[in-house]
Protein chains: 2
Amino acid sequence: MSKIHQVAALAGVSIATVSHVINNTRFVSDETRKRVQAAMEEIGYQPNALARSLRRGETKTLGVILPDSSNPYFAEIGRGLELLAFNEGYSIILCNSENDAEIEHQYAEVLSKKQVDGIFFVGTGERPETLLTLLKHNLPLVVMMRDFGDVQVDTVQSDNYQGGTLATRHLLDAGHTRIACIMGPSGLTLSSQRVNAFKDTLNAAGITPDDSMILQGDFHAESACAITRQLLKRPDPPTAIFACNDLMAIGVICAAAELGRRVPGDLAVIGFDNIQLGNFSVPRLTTVAQPKDELVQTATRYMLERIADHTLPPRKSVIPTNLVIRQSCGHLV
Amino acid sequence: MSKIHQVAALAGVSIATVSHVINNTRFVSDETRKRVQAAMEEIGYQPNALARSLRRGETKTLGVILPDSSNPYFAEIGRGLELLAFNEGYSIILCNSENDAEIEHQYAEVLSKKQVDGIFFVGTGERPETLLTLLKHNLPLVVMMRDFGDVQVDTVQSDNYQGGTLATRHLLDAGHTRIACIMGPSGLTLSSQRVNAFKDTLNAAGITPDDSMILQGDFHAESACAITRQLLKRPDPPTAIFACNDLMAIGVICAAAELGRRVPGDLAVIGFDNIQLGNFSVPRLTTVAQPKDELVQTATRYMLERIADHTLPPRKSVIPTNLVIRQSCGHLV
DNA sequence: CAAAAATAAGTAAACGTTTTCTATCCTTCA
DNA sequence: TGAAGGATAGAAAACGTTTACTTATTTTTG
């Protein structure tokens with residue numbers, strides 16, 4: 001690897017001048033500039049970003065900590081963040097916590113040591129230990145899709161309660177009264193918000209929610225398969241299922257097919273997230289769309305603003321969801 | 001952020017001693033060590049990895065360049081690499097080239113400037129410009145799932161020809177003779193290998209491949225939907241389709257359902273990759289599994305070995321695939 | 001025409017570590 | 001008792017940049 005002093009020597013100038021040519025940070029005569037550029041070209045010089053970062057105090061690198069990037073929803077979020085970051089000159093270090101608080105914590109330390117300029121954080125749970133450590137290091141932090149209550153931190157999430165309402169009402173409007181709900185892991189605010197919306201909306205419609213029809217999955221397809229098999233074997237099976245994410249909704253559809261039930265004929269299914277593949281399930285999945293682009297854009301904006309000014313007061317953004325009507329609940333309109 | 005000299009001052013020792021305590025790199029008396037550790041604890045010291053990397057000449061960071069991490073197949077690969085890397089003390093900078101050679105090239109430069117210790121490379125195509133640049137910088141490089149012919153570089157891929165044979169034979173064995181193939185983007189060796197295997201296997205079975213039944217998709221579901229619609233509207237529709245990846249196979253199933261064809265009754269479908277969601281399509285997808293774990297493990301091993309010894313001769317690994325029989329081709333056995 | 005101002009570029013400190021080289025203090029033993 | 005050697009730890013250079021400060025030269029101006 002060639003170094004700046006080699007460029008300087010070859011061009012017959014000081015390293016300061018080379019640096020100024022590279023960064024356009026003070027006037028350099030045309031003639032000198034040309035010589036420097038020629039020299040850089042000749043030896044294929046590339047500035048060492050480590051040295052630059054050490055000196056400048058910024059790495060142009062952001063961390064993303066999330067539970068599992070092979071989950072399509074997180075994959076899409078991660079990809080969105082990466083794209084926007086790239087356009088702003090940042091790279092992304094991707095950290096899968098594997099839903100393990102210990103790994104999450106270790107990664108937080110690694111990122112902090114590597115001096116990333118900020119971290120997008122999707123916690124495995126909502127215990128704030130890791131978060132607080134990070135905040136103590138005074139690292140720009142944007143929490144996504146998690147709710148750490150009154151911790152003072154920039155937060156971006158979608159309106160899960162409103163989304164849950166949308167889903168439930170959609171099922172109700174289609175005439176269903178025996179509706180099951182497969183929730184996500186407990187301990188996540190977004191889970192309880194979706195379920196609370198489900199119950200409240202049912203109540204508002206004069207239907208008492210049946211607790212035996214509200215079951216806990218883990219946001220993966222397999223868990224929803226198993227739960228659906230149980231549900232459909234009951235003497236009083238539900239006619240509709242609200243799965244609290246798309247992966248589980250796909251699991252529901254799969255299990256229903258396995259038992260010979262037709263979707264939406266025998267069983268309506270609605271999901272949550274609007275992952276890309278939901279558009280290609282059989283039948284195509286009706287779902288509550290989390291406004292992915294907006295989530296990602298807002299998170300990125302918060303991040304850039306906070307990097308620019310650490311003293312900004314924390315902001316919280318709750319973005320409304322919208323219904324994507326496809327086939328898995330039948331056609332209403 | 002606290003610095004090593006603050007620890008040293010607090011503990012009443014030199015910064016050299018602190019460094020040696022941190023890295024266990026020379027004997028330090030128990031008493032001194034305790035003092036240093038206490039001091040680190042007290043001020044919450046964390047070593048600055050930039051400074052360390054600059055001095056040591058290694059960043060414990062690897063780059064991954066791939067076309068699109070929101071494609072489930074790449075997401076799973078990326079996640080696998082990240083997991084193994086983490087266990088070896090490395091972090092991953094994730095770079096989506098968005099299938100754009102220009103972005104790919106820019107990212108290669110960024111990674112090189114950031115002094116990553118190596119790069120896992122899944123090119124957008126197989127033109128070797130970016131690759132050669134990277135090799136010129138003498139960066140440890142492992143090419144995955146792409147074939148750059150005689151470029152001297154570590155390469156890990158699955159046996160696409162063998163996989164294509166497996167898929168075609170499976171369809172043949174089920175009695176199909178009118179078989180279509182939806183291939184991936186041209187210009188990718190893996191595409192042509194899979195298709196060549198398809199043709200060869202058909203020929204070997206005494207069936208002349210019908211070129212009008214070999215169509216080009218783009219590895220995304222939508223393209224396969226469109227192609228399948230065309231295919232099934234023909235007067236002589238195929239009774240089976242070999243989709244060259246799972247995403248397209250899912251698109252095929254979706255389009256078939258849309259036209260009221262039953263899978264596998266009216267149309268058998270086989271995919272390639274074995275992505276997780278293939279296990280939850282309706283019907284569950286029969287597919288050729290790329291040995292993801294083995295690909296990722298081999299790639300990681302190559303990487304670590306090359307980092308340890310830059311002079312190693314380049315190695316190429318071709319890993320056999322295996323058939324995962326589920327439901328989309330009917331039950332044979 | 002001398003002094004002030006403007007122009008162009010060089011010198012060296014700083015970023016926060018690691019690591020080589022060196023120093024001090026004890027023991028030990030001839 | 002004095003030199004050798006072991007045990008412990010400090011001083012300073014090095015990693016490759018950026019940038020504040022300084023200098024040399026030329027131009028402008030009163």
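Residue numbering restarts at 1 for every chain, and letters A, B, ... go by the order of the sequence lines.
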Original post:
Have B/Tyr90 and B/Glu82 got a donor and an acceptor in their side chains that come within less than 3.5 Å?
Top reply: no
Original post:
Is B/Ser19 touching bases, backbone alone, or none of the nucleic acid, heavy atoms closer than 4.0 Å?
Top reply: base
**OP:** Starting from C1' on C/dG10, measure out to CZ on A/Arg35 and report it in whole angstrom.
**Re:** 13 Å
Subject >> Length of the line joining B/Asn48:CG and C/dA14:C1', which is rounded to integer Å >> reply: 14 Å
Subject >> Check: A/Lys3 main-chain N/O paired with A/Gln6 side-chain donor or acceptor under 3.5 Å >> reply: yes
Original post:
Which whole-number value in Å describes the distance from B/Ile15 CD1 to C/dT19 C1'?
Top reply: 11 Å
Original post:
Does the side chain of B/Tyr45 get closer than 4.0 angstrom to OP1 or OP2 of C/dT17 through an N or O atom?
Top reply: yes
Subject >> Nearest listed nucleotide, side chain of B/Ala16, among D/dT18, C/dT19, C/dG10 >> reply: C/dT19
Subject >> Under 4.0 angstrom between A/Asn23 side-chain N/O and D/dT18 OP1 or OP2 >> reply: yes
Subject >> Earlier contact from the 5' end, DNA chain D, for A/Ile22 and B/Val28 >> reply: B/Val28
Original post:
Reckon A/Leu50 touches a base, only the sugar-phosphate, or nothing at all at heavy-atom distances under 4.0 Å?
Top reply: nothing
Subject >> Spacing of B/Glu31 atom CD relative to D/dA7 atom P, expressed in whole Å >> reply: 18 Å
Original post:
D/dA9 phosphate, OP1 or OP2: any side-chain N/O from B/Ser29 under 4.0 angstrom?
Top reply: yes
Original post:
What is the distance, rounded to the nearest whole Å, between atom CG of A/Asn24 and atom P of D/dT19?
Top reply: 13 Å
**OP:** Check whether the side chain of A/Arg26 and the base of C/dA8 form a donor-acceptor pair under 3.5 Å.
**Re:** no
Original post:
Name the one of A/Arg301, A/Arg306, A/Lys316 that satisfies salt bridge (Lys or Arg N to Asp or Glu O under 4.0 Å) with A/Asp154?
Top reply: A/Arg306
**OP:** Find out whether the Lys NZ or Arg CZ of A/Arg315 is both under 6.0 angstrom from the six-membered ring centre of A/Tyr302 and within 45° of the ring's axis.
**Re:** yes
**OP:** Round to the nearest Å and state the distance from A/Leu54 atom CG to C/dA13 atom P.
**Re:** 17 Å
Original post:
Taking for each residue the nucleotide of DNA chain D bearing the nearest heavy atom, is the 5' side occupied by B/Arg56 or by B/Thr32?
Top reply: B/Thr32
Original post:
If you take atom types as modelled and just measure distance, does the side chain of A/Arg55 reach the base of D/dT18 with a donor-acceptor pair under 3.5 Å?
Top reply: yes
Original post:
Are A/Thr59 and A/Lys114 linked by a side-chain donor-acceptor pair shorter than 3.5 Å?
Top reply: no
Original post:
So, is A/Thr17 near the phosphate of C/dG10, with a side-chain N or O under 4.0 Å from OP1 or OP2?
Top reply: yes
Subject >> Atom pair distance, as rounded to whole Å: NE2 in B/His20 and P in D/dA9 >> reply: 11 Å
Original post:
Given atom CD of B/Glu58 and atom C1' of D/dC15, what is their separation to the nearest angstrom?
Top reply: 13 Å
Original post:
At under 4.0 Å between heavy atoms, what does A/His5 touch on the DNA or RNA strands: base, sugar-phosphate, or nothing?
Top reply: nothing
